[in-house]
Amino acid sequence: MISEIADYFSRHGKDYLALLGGHIGISFISVAIAMAVAVPIGIAVYRSKIGSTIAERSFGVLRIVPSLAVLIILIPIMGTGVLPSVTALTILAIPPILINTVQAFQTLPKAMLEAADGMGMSTAQKFFKVKLPLAFPLMFAGIRTAVIEVIASATLASYIGAGGLGDLIFTGLSLLRYSLLIIGGGSVAILSLLTGFVLDSIYKQITKYQRT
Amino acid sequence: MIAVELKNVNKQFKGQTTPALDNVSVQIEEGEFVTVLGSSGCGKTTLIKMLNRLYEADSGEIFLFGKNIKEQNPVELRRKIGYVIQQIGLFPHMTVKANIATIPKILKWDKKRIDKETDRMLRLVQLEPDEFRDRYPAQLSGGQQQRIGLARALICDPRIMLLDEPFGAIDAINREILQNELKAIHQKSGRTYLFVTHDIREALKLGTKVIIMNEGKILQYDTPENIINNPANEFVENLIRTAELKGGA
Ligand SMILES: Nc1ncnc2c1ncn2[C@@H]1O[C@H](COP(=O)(O)OP(=O)(O)O)[C@@H](O)[C@H]1O
Ligand SMILES: [Mg+2]
């Protein structure tokens, strides 16, 4: 088995890097689009009734919709390929980012907002100097959740033609080559862990000020 | 010059059955250190927040240095008023220096001036600049945080300072020290201070004049001596008596 794995890397090293790059790329794009959608929406609605609903429950349902279901539902609508995959992954990434953005802005400490108003900050100054930086750690936590979810789900997206490390797994399954399964599955696991570790380090860095 | 003038100001919050401010009128001379005394919920904070338009009056008029505050842009108005809120409200993601320099930065003071003034403010509130400048609020004691809140409000040398129970969360010893510091700062500056407290001894000790409030009304506005010697009514008289029972003002 180990020789098979070594053999794969020696002969298909370039292909492997392409799949890995594709996996990271498609995950990155999906999360980036999800952020571009969810953050402005979250900021726009957090004060409204929709905002409270999002924060409290209804989107919790979306959070637990299985990724495979989203992928399969999209096939008849969008066919297969990169576009429906990115769409599906984006849909999966939006809820955690949206929910955390809404909650982050809803739970901003009143005293700090009042201090900002009281000292004469304009609305924009208050937003960029106080609200956004104070909301950021919680938003970042939502982004982290989304990233990890998307990296895992991108594996399934290979099934509808997204490429990425899932290709190895699906190929391994159809050819009954366990070495491919191990390489694919292992790579996704390691990528997940590594990304989680990096994001956690960044989180620690940005919340340094909270420590006494 | 009259620094602060309220004319028949009323304020009632939604859902409340009694007004938070009930037909309040008062004139405060420039340079006074006015303490606002009253029990919790009597409208002290509401009165203070009226002056920098964090709350708007239902009716009545408010003038600062002869100008109706309704005719001034709230943001511009607030930059000319120092405000220390009851809950301190330091920005946790900013260093001590950045907190104190918030408004100077917005006003685009040059860097040298900001460095110099933040250090001067830190010394003014008896904190060693080299030691405290780069700390975050989480790394400060409650008393140190309140000093920074004070420094932040003082840095632009506002003509009016509003202080809402600024020493509320401090132990007796540090409170005494801060009271004396603040009194000295006021005397040097000649600015007008409004200082909210529910501690009668603090009010009588610090105030050149004292406003006594109850249920949204100003019961008496006078010097500490006159309040002790000629209480305006039974409520004030009782208040003085309870303070004296505890060991005199
Ligand atoms: N933002 C608000 N919304 C509703 N009611 C308020 C608000 N602020 C104060 N009040 C009410 O107005 C009254 C006076 O409050 P406040 O001025 O904060 O009193 P104090 O500062 O003297 O303790 C209280 O009954 C309080 O419940
Ligand atoms: Mg109060």
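A note on names: the letters A, B, ... follow the listed sequences, proteins ahead of strands, and every chain is numbered from 1.
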**Prompt:** For the candidates Ala138(B), Ala153(B), Cys156(B), which exhibits the highest count of non-hydrogen atom pairs separated by less than 4.5 Å from chain A?
**Reply:** Ala138(B)
**Polar side chain donor-acceptor pair, Gln139(B) to Tyr209(A), under 3.5 angstrom** = no
**Message:** Which one wins on heavy-atom pair count under 4.5 Å against chain B: Ala115(A), Pro137(A), Ser122(A), Pro109(A)?
**Reply:** Ala115(A)
**Asked** Would the number of heavy atoms belonging to other residues, nucleotides or ligands and lying under 6.0 Å from CD1 of Ile173(B) be above 12?
**Response** no
**Prompt:** Does any heavy atom of chain A fall under 4.5 Å from the side chain of Arg135(B), the backbone, both, or neither of them?
**Reply:** neither
**Prompt:** Does CZ belonging to Phe9(A) count more than 12 external heavy atoms closer than 6.0 Å?
**Reply:** yes
**Message:** Within the structure provided, determine whether Asp117(A) and Arg78(B) are in side-chain contact (heavy-atom separation under 4.5 Å).
**Reply:** yes
**Asked** When rounded to the nearest 0.5 angstrom, what is the spacing between CZ in Phe91(B) and CG in Leu134(A)?
**Response** 8.0 Å
**Prompt:** Counting only heavy atoms not in Ile50(A), do more than 12 sit closer than 6.0 Å to its CD1 atom?
**Reply:** no
**Prompt:** Would one find more than 12 heavy atoms of other residues, nucleotides or ligands at under 6.0 Å from atom CZ of Phe128(A)?
**Reply:** no
**Asked** By a 4.5 Å heavy-atom criterion (distance strictly below it), what part of Thr95(B) contacts chain A: side chain, backbone, both, or neither?
**Response** neither
**Request:** Could you have a look at Gln210(A), Lys110(A), Lys208(A), Met121(A) and say which one has the most heavy-atom pairs with chain B under 4.5 angstrom?
**Result:** Met121(A)
**Asked** When you look at NE2 of His198(B), are more than 12 heavy atoms from neighbouring residues, nucleotides or ligands closer to it than 6.0 Å?
**Response** no
**Request:** Output the distance between atom CD (Gln125(A)) and atom NZ (Lys105(B)), rounded to the nearest 0.5 Å.
**Result:** 12.5 Å
**Item:** Which portion of Lys49(B) sits near chain A, non-hydrogen atoms under 4.5 angstrom
**Value:** side chain
**Prompt:** Are any of the side-chain heavy atoms of Arg79(B) and Met119(A) separated by less than 4.5 Å?
**Reply:** no
**Asked** Any chance OH of Tyr159(A) has more than 12 other-residue heavy atoms, nucleotides or ligands included, within less than 6.0 Å?
**Response** no
**Item:** 4.5 Å side-chain heavy-atom contact, Tyr83(B) and Glu114(A)
**Value:** yes
**Message:** Taking the side chain as everything from C-beta on, heavy atoms only, tell me whether Ile106(B) gets closer than 4.5 Å to Lys129(A).
**Reply:** yes
**Request:** Check each atom of Leu162(B) against the heavy atoms of chain A and say whether the ones under 4.5 Å are side chain, backbone, both or neither.
**Result:** neither
